[in-house]
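To start, the structure itself, in structure tokens.
Nothing fancy with the numbering, it's 1 onward along the sequence. For ligands, and for the atoms within them, numbers begin at 1 and follow the listed sequence. Worth knowing before you read on, the calculation uses all heavy atoms, side chains too, and leaves out hydrogens, waters and symmetry mates.
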Amino acid sequence: MRIHDPLNRRHFARLGHPLIGLPLLIYLTALQARAQEGWWMREPIRWVQTNLRETDAGLDPRRLIDQMVEYRANVLHFSMGGIVAHYHPKVSFHYASAYLPPGKDLMGEIVQLAHARGIRVVGRFDLSKTRKEVYDARPEWFFRKAAGGPVIYNGLYSTCSNGGYYCDHAMKILAEALDRCDVDGLFFNMFGNQSRDYSGNFVGHCHCDSCRRLYRELYNQDLPEEPDEQYRRFMFRCSREVAAAIGGLIHEKRPKAGYFNYIQESTDGIMSESNTAVSRPLPLWPYASSDNVNRARNSEPGKMSVNLNMQFVDYPWRFATVSEHEITLRAWQNMAHGGALTLAVNGTFDHEDRQAIEAARPIFRWAAENQRYYASQRSAARVLLLRGPERTGRSYSQSSYRGLFRFLSEEHIPFAVSENLEWLGKREFDLVLATDWAAPELAQYLAQGGHVLIVSPRPPEIHTPRVITIHKDVESYFRIRNTSLFPSLKLTNLIMLDGDYTEVEGDGSDSLSFVPPSMFGPPEKIHVDITNTNKTGIVFFGGGRAAWIPWDLAGLYYRHSLPAHAGILRDVVNRMLPERQIRTNAHPLVEMSLMRQGSRTLLHLVNLTGHSQTGYFAPLPMRDIRVELVGNFRQARTVRSKGSVSLTRAGGRTAFTVPRLTDYELVVLE
Ligand SMILES: [Zn+2]
């Protein structure tokens, strides 16, 4: 159970979804009965998604499977049904592609041929849209805009995920698909009602009779005019009930098949995407794949992360490919954090722009040759970074989260990201970091002896020194009052503050103190009226095991990359985390992840130096990276540039040199 989710599962099960026949409780019981971990957790995964167009229904399955074999891919994510089926369904309101020859079962042939060559097949469904004739027959199944009309896009009508199509008829469609075809899993695109269409047009939220009735049953209210927090929780809850029912059906019909979706609840594999969009605000996030995979694998360690490596620039340009070096960086990051190696293409391998396919090809080959290292990895990190989940209905600051993420990576501190508080006190961590989501559960963790660092002007939901007031939108500074506390800041007296500062009871005169705003122009007047206070910029509490920096230090670091901000973070983290798992002379743009695989320890190094502004280029090769790891290891070898590595051991640590790093290296320690 998600401790922080007010709509917990017990509540779900008791209430039940009036439209879903399969009670959630049965599903949960069935899930617990699944004794063996699925193939997605046991096997190394090299996943290719082909987003087929309806015109691809005439493709030659033999040629596609030959291409998969040649590519060394072992999971084919293949369009199966929903908007267009690649077989001839018998269930009503489900239609084969008009380009599929009569009597041809493309999906069946694909599965048969793939299985004969050792390739697994995950069927792709999109239940979010269907044809006009379905709408004409059953309009109540469809998304209804506030003004009353349906959402129509390229002739397809949007269904409502609370309506009878999604909740009832789709189960018949899926049951037929699962009965006729021995798939290894199912995937669902565009799950839940989307508020924008593919062109970005705002369609709002659904006002269909099902939505109205369900909302009234739950809240005794009419649907809101604008989506608010309660509405978001409503949709979250409803979508998870549908998800649970779909998962139950898959596991009932095909107990060995996996359920893959863009959500953490009820699934076996958590899908995500590393993608681009032309209107997305800069800067680019070069850790996109690490972020998605780390977060999925550590929020739900029992599930696989399948982070799709999207080849295209944005929807209108599906046949234009991003830099090959962005593709390869994502591929290495996926693997370095214990996720599936992936590539997604629109259409087939016979693509209009084959750069991404050819960029990833040598990585798929390499991963196949070294596949023994890429299954059953688990994070060995001893620092936990919490990210506020959207499911709680609260906002979270992406820049603050990313600031901490980037800082930890640049400092080579192995860390696990989690949206799930279940791991507090269950997995061993030396330090837990929180940005704007310092949840009440942290109090118990602290009481049990844990260490917590909170970096946010938002007051934590645990007992801290008293909040006096919140100073909004301050353009000023903090003053370093104690250089022994901040050894990284020998040259710096003043630290930039831009944003909210929460004044907390305490004395900053021997740490970091607030400087109220003063004049900054013209130059003759620069800060001539500056004053000092003893208002503190950091408080320690909980017997010194907790610290709260009550301003947006992490967000400031994300936006401006000032070494002074990183310096404060470094010095506070060093104080709270005396033993670092890794000490190294590596460049900050060498990303390191520390994983466990059975008795092995795996150190992954990913070279990010090829990223600049809006570009991804070949990373700069590096030599002789010194690494000192906690633990006594007997032997080590580098896998990408093959060789054994000589070790020296002292004081419970093992030191070695990685002779060469091009794009990626894997050090195997035993
Ligand atoms: Zn609806």
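Note on the Zn ion (ligand 1): protein N, O or S atoms under 2.8 Å away count 4, no waters included.
At a threshold of 4.0 Å, the pair Arg180-Asp105 counts as salt-bridged, since one of the basic side-chain nitrogens sits closer than that to a carboxylate oxygen.
Of the N and O atoms on the side chains of Tyr153 and Ser199, at least one donor lies less than 3.5 Å from an acceptor on the other residue. No side-chain N or O of Gln311 forms a donor-acceptor pair with one of Asn309 less than 3.5 Å apart.
One N or O on the side chain of Arg280 and one on the backbone of Asn275 form a donor-acceptor pair closer than 3.5 Å. Between the side chain of Asn294 and the backbone N or O of His337 there is no donor-acceptor pair closer than 3.5 Å.
Taking every heavy atom of both residues into account, Asn307 and Thr342 meet most closely at O-OG1, 2.6 Å.
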